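All remarks here apply to the structure that follows.
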Amino acid sequence: MRLQIRMGENKMKNSLIIFLIVILMLSLTACGDKASGSNDEGEVDVSRIRLVIGSTSTGGDTYQNADTISRYLEDNLKTNIKVDAVGAVRAFQELGKARNDGSTIMFFHDMSYLGVEYGSIQENNKLENWTIGPIVSVNPGNAFLAKGGAPYDTMAESAEWLKQNPDETITVAIESGGVSEITFNGYYLWVKEKYGTKVSDRIKAYVTGSQEDKNQALWDGNADIINGSIGGNSEYVKDGVDDEIKMKFLGITAGERVEGYEIPIFAEQGIKVDGKEFVFDKEFFFLMPKDVDQDFASKLNNAVAKIQENPEYAEDLDKNSYKTKYIPADKAEEYLLEKRETFQKIIKKAPSLDNITN
């Protein structure tokens with residue numbers, strides 16, 4: 001009798017042990033599935049990402065676009081992102097010595113390849129030497145401005161004004177090796193084609209740096225026209241602004257007008273190069289080390305795609321007249337290389353700044 005009771009107790013103990021083992025295994029499996037699911041959703045291994053940008057300004061469009069996308073990426077990638085405004089040259093230097101884990105990546109715009117074409121950025125920084133990430137946004141408001149009292153209201157009218165005033169010149173403040181130079185080249189070459197060298201020879205360049213520097217060049221009288229943007233300069237065109245700093249938009253280089261602003265695009269003004277309407281959209285994208293971890297690159301691309309569907313992201317960009325534009329990483333490389341080829345032709349025809357600088 002005692003033996004039977006003891007055998008029964010042992011069976012119960014064994015059953016209990018087996019039951020507990022099964023529960024433990026199921027718990028471990030669930031935890032593993034949860035961790036795996038979290039990783040699949042896009043969480044990256046690095047706890048902090050340094051995002052170097054090709055600008056030293058924290059008030060310009062590069063920083064504003066980088067800051068906006070970073071805030072949304074932090075939630076999607078479950079990491080912290082610090083935007084570091086180091087400028088183009090140093091940004092490429094930092095990217096060149098970065099680890100391949102994604103802890104340092106770069107955010108910039110078309111100047112990243114235009115600068116190489118112009119020679120302001122070293123050849124070893126050409127697009128082919130990096131992993132190109134997704135295109136994330138566009139600044140359709142790349143613009144040219146003049147003082148509020150200037151005797152012309154558009155870029156086309158400025159050329160006509162030069163023709164009618166043969167003793168006058170127009171000086172345009174730009175930053176060399178980037179977006180402002182390529183769009184200035186479009187204007188200059190159009191004037192040369194339409195009006196001849198008697199007019200185009202009286203267009204000069206004033207080479208300077210950040211947007212603040214270009215603004216100051218206009219206010220100081222060192223420039224008659226400056227390159228700027230809707231997002232960065234609209235505060236100076238409003239009613240009630242002091243005449244000393246008041247500006248007006250002369251045109252934007254995008255393919256269509258920006259909603260809410262009566263600013264004519266270059267194409268509407270008849271500005272063409274080689275018979276084709278001059279259109280330039282300033283687009284922002286990521287660059288990563290050539291050997292970047294592909295899992296990181298994939299998660300970054302997927303997170304950007306997800307963010308593009310978030311209406312709050314579009315609303316945040318729109319505060320400064322920027323727009324969402326998503327081109328996935330696997331298509332962005334071909335897109336940017338084709339765009340580079342298009343503007344290489346304009347750069348080859350454009351005058352050297354050394355010959356037209358005031």
Side-chain angles (χ1 to χ4, degrees), residues 35-55 62-63 65-117 121-138 282-309 313 324-340:
S36 175
S38 174
N39 196 45
D40 289 343
E41 289 173 3
E43 182 175 347
V44 294
D45 294 332
V46 289
S47 60
R48 181 176 179 275
I49 296 174
R50 181 188 181 203
L51 186 62
V52 293
I53 66 172
S55 171
T62 303
Y63 184 89
N65 279 269
D67 177 68
T68 303
I69 191 72
S70 293
R71 285 188 279 109
Y72 287 88
L73 280 174
E74 284 185 327
D75 291 335
N76 282 270
L77 297 178
K78 304 296 187 293
T79 188
N80 297 310
I81 300 178
K82 179 182 183 297
V83 180
D84 200 355
V86 298
V89 173
R90 188 179 166 195
F92 278 116
Q93 291 174 345
E94 297 297 318
L95 193 62
K97 60 185 181 183
R99 294 161 57 183
N100 67 356
D101 60 356
S103 55
T104 296
I105 58 177
M106 184 174 172
F107 185 89
F108 205 20
H109 52 70
D110 300 271
M111 185 179 176
S112 59
Y113 62 85
L114 290 174
V116 175
E117 299 301 317
I121 295 175
Q122 292 183 346
E123 177 71 18
N124 62 352
N125 293 317
K126 62 183 181 180
L127 291 175
E128 290 86 346
N129 289 347
W130 310 109
T131 294
I132 298 173
I135 294 172
V136 303
S137 56
V138 58
K282 187 177 183 180
E283 295 165 318
F284 297 87
F285 51 91
F286 288 98
L287 291 172
M288 293 168 280
K290 189 67 174 178
D291 63 344
V292 69
D293 177 70
Q294 288 305 302
D295 183 61
F296 173 88
S298 177
K299 287 173 180 175
L300 175 67
N301 184 69
N302 292 340
V304 171
K306 186 176 180 180
I307 290 167
Q308 296 288 328
E309 299 174 359
Y313 171 63
T324 61
K325 181 169 185 177
Y326 173 63
I327 299 180
D330 61 348
K331 293 182 173 60
E333 180 174 2
E334 180 181 2
Y335 175 86
L336 289 172
L337 290 177
E338 288 182 359
K339 187 176 182 182
R340 182 182 68 181

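From a predicted model like this one, the values you see are computed outputs, not experimental measurements.
Scanning all heavy atoms of the two residues, the minimum distance from L287 to S112 falls at CD1-CB, 4.2 Å. Minimum heavy-atom separation, F296 to D293: N-OD2, 2.9 Å. Of all heavy-atom pairs spanning V116 and E123, the tightest one is CG1-OE1, 3.5 Å. In terms of heavy atoms, N76 sits closest to A303 at CB-CB, 3.9 Å. Contact between Q308 and T324 at its shortest, heavy atoms only, is OE1-CB, 3.2 Å. G133 and M288 make their closest contact through CA-CE, 3.7 Å (heavy atoms, listed as atom of the first residue, atom of the second, distance).
Not one N or O on the side chain of D291 forms a donor-acceptor pair closer than 3.5 Å with the backbone of N100. Using a distance-only test at 3.5 Å, with no hydrogens or angles considered, a donor-acceptor pair links the side chain of Q294 to the main chain of V292. K78 places no side-chain N or O within donor-acceptor distance of the main-chain N or O of V44, the cut-off being under 3.5 Å.
Each of V304, V136, L51, T79 was evaluated against L73; a single residue qualifies, V304, per the side-chain contact (heavy atoms from CB on, under 4.5 Å) test. The only option from V138, T62, I135 that meets the side-chain contact (heavy atoms from CB on, under 4.5 Å) definition with F284 turns out to be T62.
Distance check: N65 CG to F107 CZ gives 5.0 Å after rounding to the nearest 0.5 Å. In this structure, I132 CD1 and Y113 OH are separated by 10.5 Å, a value rounded to the nearest 0.5 Å. Expressed to the nearest 0.5 Å, how far OG1 of T104 lies from CZ of R48 amounts to 8.5 Å. The structure places CD1 of I49 at 4.5 Å from CD1 of I81, a figure rounded to the nearest 0.5 Å. Expressed to the nearest 0.5 Å, how far CD1 of I69 lies from CZ of F285 amounts to 14.0 Å. One distance of note links CE of M106 with CD of Q93; it measures 10.5 Å at 0.5 Å rounding.
Within the structure, ring-ring contact (aromatic ring centres under 6.0 Å, His included) pairs that include any residue of residues 70-104 comprise Y72-Y313, F92-W130 (at least two apart or interchain). Residues in residues 103-117 take part in these salt bridge (charged side-chain N to carboxylate O under 4.0 Å, His left out) pairs, two or more places apart or across chains: D110-K339.
Legend: residues meeting side-chain contact (heavy atoms from CB on, under 4.5 Å) with K97, ordered by chain and number and at least two apart, are E94. For S298, the side-chain contact (heavy atoms from CB on, under 4.5 Å) partners at least two apart in sequence or on another chain are N302. Listed by chain and number, the residues in a side-chain contact (heavy atoms from CB on, under 4.5 Å) with D84 are R50, V52, K82, V86 (sequence neighbours excluded). Applying the side-chain contact (heavy atoms from CB on, under 4.5 Å) criterion to E128, with sequence neighbours excluded, gives K126, L337, R340.
Atom CD of E74 is surrounded by more than 12 heavy atoms from other residues, nucleotides or ligands within 6.0 Å. In the displayed structure, R71 atom CZ is contacted under 6.0 Å by more than 12 heavy atoms of other residues, nucleotides or ligands.
Contact check for P289 versus T131: no side-chain heavy atoms found under the 4.5 Å cut-off.
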